[in-house]
Amino acid sequence: MTVNKSINSITRELIRGSLRAARQECEILIERTSMSAFIREKKDYLISFCDKEGKSVYGTDQGSDLIDCVWQYYPQGSMKPGDLYWYNDSYISDGAISHTPDMVFITPVFSNGRLVAYCYSWAHFWDLGGSRPGSIGPANTEIFHDGTLVPPIKIIDQGKLNDEAYRIILRNSRYPDLLEGDTQALMSAASLAERRILEMFERFGETDMFTAFGDFQRETGDFVRGKMLERVPEGEYAFRDYMDTDGVGDKWHSLHVKLARKRDNIVVDTTASDDQTDGSINFMMSKVVLKSWYGTYLTSFDPSLLMNEGMLACVDDVVIRDGSILHPRWPAALGCRAHTFGKLKDAILGTIAKATNGDVMAATAVYVIAYWRMKDPETDGWILCTDGIAVGHGARPFADGLDAIYNKHNQNYPAEFMDMEYPLRVERYALNPDSGGPGKYRGGCGIIRDVRLLATEGTFGLRVECNRFPAWGVAGGMGGGTSRVLLNPGDDKECVIKPFSDDNNWYEGDMVRIYSAGGGGWGDPLDRDPLSVEKDVAGGFVTLEGALCNYGVVIDPITFKVDISGSSAMRSDLRQKRGKTKMFHRFIYFDDELEEREWIERNMPR
């Protein structure tokens with residue numbers, strides 16, 4: 001958005017603050033009026049504001065291309081005040097929406113009869129039909145299994161609801177009351193956002209609003225571009241990461257990212273990624289999304305910046321291969337794409353690590369989702385609990401990784417909520433010790449979650465990654481611990497459950513235990529302060545054995561105090577046996593992606 005006029009700095013900051021306040025108000029509206037737990041409790045929603053060209057002014061790392069596909073069906077000139085548009089189709093939007101449960105509601109904003117901005121609300125919905133309750137799942141093999149596809153439609157035409165289309169969509173959900181409540185909440189939030197933006201135009205005037213929008217985008221763009229050139233020298237920096245399975249087969253899959261800078265031209269190439277899979281881990285990645293994820297990393301250096309279109313300025317071009325796991329062909333399933341985009345975000349950090357000699361956060365484990373499905377004896381239908389479960393995040397060059405976090409802006413269900421709302425009982429919710437990657441700064445720990453079925457019978461699906469391929473460590477830090485799942489641990493019915501699987505049967509009294517994975521460590525673990533290790537042991541983050549074997553720290557099992565002289569001797573011995581560290585660690589220390597690939601193909605052939 002090109003604006004030449006200058007604006008009073010106080011006015012600009014008032015507009016910035018007004019945008020932040022409006023977003024918070026609209027998101028609180030979603031939280032207080034939505035019906036499904038994934039939106040209301042887990043808070044998987046967002047509000048964003050765009051300029052009149054549809055470019056983000058204040059939003060998230062979701063990207064700045066969500067409105068483009070709407071214009072294919074509804075040109076800007078045809079839009080009217082009071083219109084509201086709705087869609088969830090990943091293929092039509094070319095990855096602006098990445099899987100079917102994510103739906104977006106878009107409102108154009110008119111001031112004095114002219115289109116001046118857009119607002120949208122977005123959230124992950126409970127069930128849209130598809131092969132199983134919850135729609136998405138590990139066993140899905142085509143997009144139709146993932147639920148009802150909604151192309152861009154005008155759901156509200158100048159204030160009037162398109163009741164025919166609305167009833168068709170609601171009819172295709174197993175839980176139409178929840179879907180109706182959630183969609184009403186999202187539509188109301190989008191309309192509230194429209195009103196708040198219109199009030200800003202009335203208060204500050206079109207000229208200052210347009211100027212402020214351009215300033216915010218340029219401010220973010222100038223910063224991320226300068227920071228990218230500062231941190232990435234000329235050269236090529238490649239990284240490959242791995243997904244355990246695609247859900248329907250047993251072989252692993254990989255993606256590849258190459259960051260290249262030649263003079264001041266920066267290109268990201270993903271064409272060496274594997275082909276699309278038969279299962280549901282394919283990720284329909286837009287170029288805008290990949291650029292914005294590099295931009296998200298760079299904006300972490302200045303949290304005062306608004307996340308917007310300017311984040312895309314850090315990369316000049318993105319090269320994608322059609323038919324790859326990062327841009328599959330229709331009608332590939334996309335529901336469990338988080339396995340792939342989680343590893344993609346880690347691979348982005350891997351390229352930055354190579355460019356900065358390890359001055360970057362280590363890899364984070366992919367967050368977990370369990371689909372607890374229980375038979376309702378009164379209706380013979382299914383009760384569904386979609387349970388997002390925390391993992392460990394990567395250690396940073398200055399601090400330990402975050403422990404037990406589902407995702408950056410989402411929350412975990414409290415045990416009390418699960419117990420009240422569903423025929424389930426959470427009997428254990430604890431840290432998973434030694435799951436955080438050892439390092440000078442320890443990777444964040446995953447969790448242990450025990451869930452017991454109180455209904456007569458049911459099934460469950462699991463979307464658990466990092467069972468074979470844990471999060472990698474960096475700058476001498478070691479990889480995080482892996483995930484695993486047990487049914488009825490500790491009794492004669494105990495069995496191992498595939499972490500990425502569906503249609504697992506369970507019956508009244510059965511218990512599932514999930515061990516989620518941890519984040520990678522940063523820096524040599526033998527350089528960690530022994531007193532920090534002592535605190536880790538006391539807090540349940542690290543075991544006595546882990547302290548000794550991974551950190552070389554001897555701790556008295558009675559007093560839980562560090563033996564300083566014994567630890568010094570142990571560390572000297574471990575250094576001598578281990579040798580020098582390298583840039584990355586997962587199964588072995590390695591400096592180059594090809595070095596790790598050779599080890600994987602030799603020891604873990606697909």
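Note that the numbering runs from 1 along the sequence shown for the chain. Note that the coordinates shown come from a computational prediction; the quantities given were computed from them, not determined experimentally.
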Quiz item: What's the spacing between N88 CG and H99 NE2 if we round to 0.5 Å?
Solution: 9.5 Å
Quiz item: So with a 6.0 Å cut-off around CG of N357, is the heavy-atom count from everything else above 12?
Solution: no
Quiz item: Are the ring centres of F587 and W599 closer than 6.0 Å?
Solution: yes
Self-check item: Expected output: side-chain D65 to main-chain A96 donor-acceptor under 3.5 Å
Solution: no
Practice problem: Evaluate the side-chain hydrogen bond (donor to acceptor under 3.5 Å, both in side chains) criterion for residues R329 and Y91: first the C-alpha distance (whole Å), next the side-chain angles of each, then the deciding distance (0.1 Å), finally the verdict. | Solution: CA-CA 9 Å; R329 296 189 180 97; Y91 285 96; over 6 Å; no
Quiz item: Which value, rounded to the nearest 0.5 Å, describes the distance between S9 atom OG and I7 atom CD1?
Solution: 9.0 Å
Exercise. First locate atom CD of E13, then atom CZ of R16, and finally report the distance between them rounded to the nearest 0.5 Å.
Key: 4.0 Å
Quiz item: Is F584 close to M478 at the side-chain level, that is, under 4.5 Å between some pair of heavy atoms?
Solution: no
Self-check item: Residue pair H327, D94: steps toward the side-chain hydrogen bond (donor to acceptor under 3.5 Å, both in side chains) verdict
Solution: CA-CA 9 Å; H327 203 272; D94 196 31; 2.8 Å; yes
Quiz item: Is any side-chain N of the basic residue among E596 and R586 closer than 4.0 Å to the acidic one's carboxylate O?
Solution: yes
Quiz item: Does D400 use its side chain to pair, donor to acceptor, with the backbone of R442 at less than 3.5 Å?
Solution: yes
Quiz item: Do the non-hydrogen side-chain atoms of T270 and L255 ever get within less than 4.5 Å of each other?
Solution: no
Quiz item: With a 4.5 Å heavy-atom cut-off, do V366 and T340 have their side chains touching?
Solution: no
Quiz prompt | Salt-bridge present (R597, E593; N to O < 4.0 Å) | solution = no
Quiz item: Side chain of K154, backbone of Y85: donor and acceptor closer than 3.5 Å?
Solution: no
Quiz prompt | Residues K440, D524: salt bridge by 4.0 Å N-O rule | solution = no
Quiz item: How many angstroms lie between atom CG of D44 and atom CD of Q411, to the nearest 0.5 angstrom?
Solution: 11.5 Å
Practice problem: May I ask you to decide whether D302 forms a salt bridge with K227, counting only side-chain N to carboxylate O separations under 4.0 Å? | Solution: no
Practice problem: Can you establish whether the number of heavy atoms outside R602 located under 6.0 Å from its atom CZ is more than 12? | Solution: yes
Quiz item: Is any side-chain N of the basic residue among D592 and R240 closer than 4.0 Å to the acidic one's carboxylate O?
Solution: no
Quiz item: Taking the side chain from N308 and the backbone from V57, do they hold a donor-acceptor pair closer than 3.5 Å?
Solution: yes
Quiz prompt | Where S273 and L326 come nearest, the two heavy atoms and their spacing | solution = OG-CD1, 3.5 Å
Self-check item: Y294 side chain to T351 side chain, donor-acceptor N/O pair below 3.5 angstrom
Solution: yes
Quiz item: Between I325 and T277, is any pair of side-chain heavy atoms under 4.5 Å apart?
Solution: yes
Self-check item: F210/F201 under ring-ring contact (aromatic ring centres under 6.0 Å, His included): CA gap, chis, key distance, verdict
Solution: CA-CA 9 Å; F210 288 149; F201 272 89; 5.6 Å; yes
Quiz item: Among D146, D102, D246, whose salt bridge (charged side-chain N to carboxylate O under 4.0 Å, His left out) with R337 holds?
Solution: D102
Practice problem: Quick one: closest heavy-atom pair of A347 and V257, and the distance? | Solution: CB-CG2, 3.9 Å
Self-check item: Cationic N near anionic O, under 4.0 Å, R321 to D275
Solution: yes
Exercise. Check whether any side-chain heavy atom of P152 sits under 4.5 Å from a side-chain heavy atom of I92, and report yes or no.
Key: yes
Quiz item: If you draw a 6.0 Å radius around CG in D278, do more than 12 non-hydrogen atoms from other residues or ligands fall strictly inside?
Solution: no
Self-check item: Ring centre gap for Y87 and Y73 strictly below 6.0 Å
Solution: no
Quiz item: Charged N to carboxylate O under 4.0 angstrom, E595 versus K582?
Solution: yes
Quiz item: Counting distance only, does the side-chain N/O of T482 pair as donor-acceptor with the main-chain N or O of P470 below 3.5 Å?
Solution: no
Practice problem: Tell me, with the steps shown, if F49 and Y120 meet ring-ring contact (aromatic ring centres under 6.0 Å, His included). | Solution: CA-CA 7 Å; F49 305 106; Y120 67 78; 8.9 Å; no
Quiz item: Can the ring centroids of Y589 and W472 be said to lie less than 6.0 angstrom from one another?
Solution: no
Quiz item: Between R261, K287, R225, R263, which is the residue that forms a salt bridge (charged side-chain N to carboxylate O under 4.0 Å, His left out) with D316?
Solution: R225
Quiz prompt | pair T299-T220: side-chain heavy atoms closer than 4.5 Å | solution = yes
Self-check item: Of S121, S56, C119, the residue whose pairing with S48 passes side chain to side chain contact (heavy atoms under 4.5 Å, CB included)
Solution: S56
Practice problem: Using the salt bridge (charged side-chain N to carboxylate O under 4.0 Å, His left out) rule, take K52 and E206 through it: C-alpha gap first, then chi angles, then the decisive distance, then the call. | Solution: CA-CA 12 Å; K52 62 183 178 180; E206 288 187 13; over 6 Å; no
Quiz item: Can you find a heavy atom in the side chain of L462 that is under 4.5 Å from one in the side chain of I369?
Solution: no
Quiz prompt | Sidechain-backbone polar pair: D403 side chain, C445 backbone, donor-acceptor under 3.5 Å | solution = yes
Quiz item: So R468 and D250, salt bridge (charged side-chain N to carboxylate O under 4.0 Å, His left out) or not? Walk me through it.
Solution: CA-CA 11 Å; R468 289 178 173 172; D250 199 43; 3.1 Å; yes
Practice problem: Mark yes or no for whether S280, through its side chain, and G335, through its backbone, hold a donor-acceptor pair below 3.5 Å. | Solution: no
Quiz item: Is a salt bridge present between D274 and R606, judged by a nitrogen-to-oxygen distance below 4.0 Å?
Solution: yes
Quiz item: Under 3.5 Å, is there a donor-acceptor pair between the side chain of T364 and the main chain of G394?
Solution: yes
Exercise. Kindly say whether the aromatic ring centers of W293 and F341 come within a distance under 6.0 Å.
Key: yes
Quiz item: Are the side chain of N407 and the backbone of N410 linked by a donor-acceptor contact shorter than 3.5 Å?
Solution: no
Self-check item: Shortest non-hydrogen contact between A189 and I47, atoms and distance
Solution: CB-CD1, 3.9 Å
Quiz item: With a 4.5 Å heavy-atom cut-off, do V70 and I106 have their side chains touching?
Solution: yes
Exercise. Spell out, as yes or no, whether a donor-acceptor pair under 3.5 Å connects the side chain of S435 to the backbone of G446.
Key: yes
Quiz item: Nearest heavy-atom pair of S90 and I97: which atoms, and what distance?
Solution: OG-O, 2.9 Å
Quiz item: Strictly under 6.0 Å, is that where the ring centroids of Y58 and F216 end up?
Solution: no
Practice problem: Please report the closest heavy-atom contact between L334 and S98, naming both atoms and the distance. | Solution: CB-O, 3.8 Å
Quiz item: Do the ring centers of W252 and F500 come within less than 6.0 Å of each other?
Solution: no
Self-check item: Minimum heavy-atom distance between A333 and N282, given as atom pair plus value
Solution: O-ND2, 3.2 Å
Self-check item: R218 and D215 ion-paired at < 4.0 Å
Solution: yes
Quiz item: Is atom NZ of K42 surrounded by more than 12 heavy atoms (other residues, nucleotides or ligands) closer than 6.0 Å?
Solution: yes
